[in-house]
Amino acid sequence: MATHIRILRLQISKVCHIIKLVQGIIGLGMIRCFYHSKFESLVRYCIIVWGADNESVPIFKLQKRVIRSVCGAGTGTSCRQLLKDRKIH
């Protein structure tokens, strides 16, 4: 389990970096599409199995960082409303 989470964390970190790189280059719609196709698909895979594990906390923190980055929000901004506003699950 821990190995799967570490690999997942590495993959998600790469996606986060790519999103930050392209943020000023492509539009919000394309970034959102990229988020859904790369980031969300990785996170949702077997979340029922690994989601309750203590080692999954960094993954959810990465998700919050990406959401804030995509929305242009500050680090102290709550992600709950951002997720609802952009219809991201």
Side-chain angles (χ1 to χ4, degrees):
M1 178 72 75
T3 305
H4 172 71
I5 293 174
R6 275 189 235 117
I7 292 169
L8 182 62
R9 190 172 166 191
L10 179 65
Q11 290 173 331
I12 288 174
S13 292
K14 289 177 183 179
V15 173
C16 290
H17 182 70
I18 292 169
I19 287 174
K20 281 194 173 245
L21 285 176
V22 299
Q23 205 165 13
I25 300 169
I26 62 175
L28 182 60
M30 290 298 293
I31 291 174
R32 188 172 168 199
C33 182
F34 184 78
Y35 169 85
H36 285 296
S37 66
K38 296 293 183 184
F39 190 96
E40 195 172 280
S41 63
L42 288 170
V43 171
R44 284 184 178 230
Y45 180 72
C46 290
I47 194 170
I48 291 174
V49 177
W50 61 263
D53 194 307
N54 286 339
E55 290 190 40
S56 65
V57 172
I59 291 172
F60 295 116
K61 286 184 178 181
L62 283 170
Q63 182 181 27
K64 289 178 183 182
R65 184 185 307 160
V66 167
I67 295 301
R68 287 185 188 112
S69 178
V70 166
C71 298
T75 57
T77 307
S78 172
C79 287
R80 183 170 289 161
Q81 193 60 41
L82 295 173
L83 291 167
K84 284 181 185 179
D85 292 345
R86 288 169 179 70
K87 298 176 181 151
I88 297 173
H89 309 320

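Just so you know, residue 1 is the first one in the sequence shown, and it goes up from there.
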Could you see if L28 belongs to whatever hydrophobic cluster contains I25? Use Ile, Leu, Val, Met, Phe, Trp, Tyr and a side-chain cutoff under 4.5 Å. yes
Using residues 70-82 as the side-chain source, report each donor-acceptor pair under 3.5 Å to any protein atom, sequence neighbours left out, with the distance given to one decimal.
residue	atom	partner	partner atom	Å
T77	OG1	G74	N	3.3
T77	OG1	G74	O	3.2
S78	OG	R80	N	3.4
Q81	NE2	D85	OD1	2.8

Determine, step by step, whether K64 and R68 satisfy the side chain to side chain contact (heavy atoms under 4.5 Å, CB included) criterion, reporting the C-alpha distance in whole Å, the side-chain angles of both residues, the deciding distance to 0.1 Å, and the verdict. CA-CA 6 Å; K64 289 178 183 182; R68 287 185 188 112; 3.8 Å; yes
Could you list the donor-acceptor pairs under 3.5 angstrom formed by side chains in residues 8-19, with sequence neighbours left out?
residue	atom	partner	partner atom	Å
S13	OG	R9	O	2.9

Return the minimal non-hydrogen interatomic distance between Q63 and F39, and the atom names on each side. CA-CZ, 3.3 Å
Single-linkage hydrophobic cluster, 4.5 Å side-chain cutoff, M30 and I67 together: yes
Scanning both residues in full, the closest heavy-atom pair of S41 with S37 reads OG-O, 2.7 Å
